[in-house]
Amino acid sequence: MASSQTRTLRRRRTQASKPISQSPLKSLSKSQIDDYYSDAVCEECGSGDAADELLLCDKCDRGFHLFCLRPIIVSVPKGPWFCPSCSSQKKLKYFPLVQTKIVDFFRIQRSTESTQKLNYDSQKRRKRSSSLVVSKKKRKLLPFNPTEDPLRRMEQMASLATALTATRTEFSNELTYIPGMAPKSANRAVLEHGGMQVLSKEDTETLNLCKSMMGRGEWPPLMVVFDPKEGFTVEADRFIKDLTIITEYVGDVDYLKNRENDEGDSMMTLISANEPLRSLVICPDKRGNIARFINGINNHTSDGKKKQNVKCVRFEVNGECRVLLIASRDIPKGERLYYDYNGYENEYPTQHFV
């Protein structure tokens, strides 16, 4: 088994671009190269075990386990890969805390004071009316409660802009349909294997309210922070009540068949169809929002499962499928957000998650 795993590593490396500097392997014979790879160990833990998860730097040829790197890498990247010492990755550049730049980045619409007051009053009425029927009907989704301080909201938006800029992602708060990928007409909830729950009219209004608030710059109370172990991650910047809509999972919509060999680690199932060729995924690698930075739990440990405070739910909304991230319990200020990446297929490798 070990030898076959080693062959897999070599095959990946032959597809990589030519190393930038002189490789120590260039002057070795084939048998010497075989011995070199079989003896490769991780620079962090010193072990050569789990050879199929051992990455070799395309510049210095040193080895690193996927799960020993910080932040952890979920899958073996395609093409060239460089270790932290050899990479040209620059220090994180923070987005400027300038209102005009933030407004332009998120394409925030300026609305009149009277319109804002009308929407705020409507939100208050909805909260009061829904609280009267909790005991009789199904619990309803709640809109997020923006931070009152405008400067703090700017800091929250700037933290997301920093993460999106660092990952070269354009901000989008809607599902996007790009020529050459799946068309909008392909997103039909009726195709879902086993059917899909329908978002109620009142919950649909709540979702639309959240969208309109964000369009005005009334942001969810969330802060994106960079953790050396987890990478970009999201934490609550104020108390968030159970059943609050955190965000919608958005990005480019594509057929699963087109993404089966995609190395992106943020793809989300949109439709799991009876006919596999019609199955759809959301790909937020080029366009997306804060959803792509909310981390997953480790499904393999009890401590990991206890971290979950957000659930991922797919709904039919006006005939289309939409994916919502919803608070699954009360979330105190400062707590990081986590949900189960394996809510449907149980295929995502989370055993090395922090």
Side-chain angles (χ1 to χ4, degrees), residues 106-107 109 138 140-141 143-144 160 164 167 169-215 220 243-294 296 310-326 328 339-348:
F106 292 106
R107 300 183 291 278
Q109 302 170 357
K138 187 179 76 171
K140 296 175 175 59
L141 299 182
F144 60 78
L160 175 56
L164 291 171
T167 55
T169 306
E170 178 185 342
F171 172 73
S172 173
N173 209 29
E174 305 289 343
L175 294 175
T176 45
Y177 299 90
I178 306 299
M181 298 186 190
K184 184 177 176 63
S185 59
N187 183 0
R188 298 169 54 207
V190 70
L191 298 174
E192 175 69 19
H193 175 69
M196 184 176 295
Q197 59 182 315
V198 178
L199 192 66
S200 70
K201 180 181 178 181
E202 190 166 3
D203 286 344
T204 300
E205 291 174 355
T206 300
L207 174 61
N208 292 337
L209 174 62
C210 291
K211 293 276 190 176
S212 63
M213 284 195 293
M214 292 186 68
L243 290 179
T244 295
I245 295 177
I246 303 296
T247 188
E248 179 179 359
Y249 205 100
V250 301
D252 295 340
V253 178
D254 202 359
Y255 290 107
L256 176 60
K257 64 183 180 181
N258 296 340
R259 299 284 180 152
E260 288 179 340
N261 298 315
D262 198 304
E263 67 174 340
D265 61 357
S266 300
M267 282 192 299
M268 169 69 72
T269 298
L270 182 62
I271 292 179
S272 181
N274 283 316
E275 300 178 43
L277 293 180
R278 293 188 171 190
S279 293
L280 299 178
V281 290
I282 303 171
C283 310
D285 51 325
K286 290 186 172 62
R287 281 161 284 273
N289 61 8
I290 200 167
R292 68 164 297 181
F293 301 114
I294 299 178
V310 173
K311 59 184 176 182
C312 174
V313 189
R314 292 182 292 164
F315 290 102
E316 177 183 339
V317 182
N318 298 324
E320 296 182 344
C321 179
R322 307 273 286 274
V323 181
L324 303 185
L325 298 183
I326 302 166
S328 58
Y339 69 101
D340 188 355
Y341 281 5
N342 288 312
Y344 297 107
E345 291 84 4
N346 296 311
E347 293 180 354
Y348 202 95

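Residues: numbered from 1 along the sequence shown. Scope of the values below: all heavy atoms of this structure, side chains included, with no hydrogens, waters or symmetry mates.
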### Task
Starting from the C-alpha separation in whole Å, work towards a yes-or-no answer on side chain to side chain contact (heavy atoms under 4.5 Å, CB included) for Ile326 and Thr244.
CA-CA 6 Å; Ile326 302 166; Thr244 295; over 6 Å; no
Please name the pair of heavy atoms, one in [X] and one in [Y], separated by the smallest distance, quoted to 0.1 Å.
{"X": "Ala186", "Y": "Leu280", "value": "O-CD1, 3.5 Å"}
{"X": "Val323", "Y": "Arg314", "value": "CG2-CG, 3.7 Å"}
{"X": "Pro143", "Y": "Cys210", "value": "CA-SG, 3.6 Å"}
{"X": "Val198", "Y": "Phe315", "value": "C-CD2, 4.4 Å"}
{"X": "Leu164", "Y": "Phe106", "value": "CD1-CE2, 4.4 Å"}
{"X": "Tyr339", "Y": "Cys312", "value": "CD1-CB, 3.8 Å"}

#### Entry: Verdict with supporting geometry, Cys321 and Ile271, side chain to side chain contact (heavy atoms under 4.5 Å, CB included)
CA-CA 7 Å; Cys321 179; Ile271 292 179; 3.9 Å; yes
Within the distance-only criterion (no hydrogens, no angle test), does the side chain of [X] pair as donor or acceptor with the backbone N or O of [Y] below 3.5 angstrom?
{"X": "Thr176", "Y": "Gly251", "result": "yes"}
{"X": "Glu320", "Y": "Arg188", "result": "no"}
{"X": "Ser328", "Y": "Val310", "result": "yes"}
{"X": "Lys257", "Y": "Ser279", "result": "no"}
{"X": "Arg292", "Y": "Val250", "result": "no"}

Donor + acceptor pair across side chains of [X], [Y] (<3.5 Å):
{"X": "Ser172", "Y": "Asn289", "result": "no"}
{"X": "Asn187", "Y": "Tyr177", "result": "yes"}
{"X": "Arg287", "Y": "Thr169", "result": "no"}

### Query
Do Lys311 and Leu324 come within less than 4.5 Å of each other through their side chains, counting heavy atoms only?
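Not touching, per the 4.5 Å side-chain cut-off.
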### Euclidean distance, Lys201 NZ relative to Asn318 CG, rounded to 0.5 Å
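Output value for this atom pair is 11.0 Å.
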### Query
Can we say Arg322 and Glu316 salt-bridge, meaning some charged N sits less than 4.0 Å from an Asp/Glu carboxylate O?
no
### Task
Tell me, with the steps shown, if Asp252 and Ile282 meet side chain to side chain contact (heavy atoms under 4.5 Å, CB included).
CA-CA 6 Å; Asp252 295 340; Ile282 303 171; over 6 Å; no
### Query
If you count the non-hydrogen atoms of other residues, nucleotides and ligands that lie under 6.0 Å from NZ in Lys286, is the total more than 12?
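At most 12 heavy atoms, drawn from other residues, nucleotides or ligands, come within 6.0 Å of this atom.
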### Message
Tell me whether Asn274 at atom CG has more than 12 heavy atoms from other residues, nucleotides or ligands lying less than 6.0 Å away.
### Response
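Yes, enclosed.
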### Query
Could you walk me through whether Met214 and Phe144 pass the side chain to side chain contact (heavy atoms under 4.5 Å, CB included) check?
CA-CA 10 Å; Met214 292 186 68; Phe144 60 78; 3.6 Å; yes
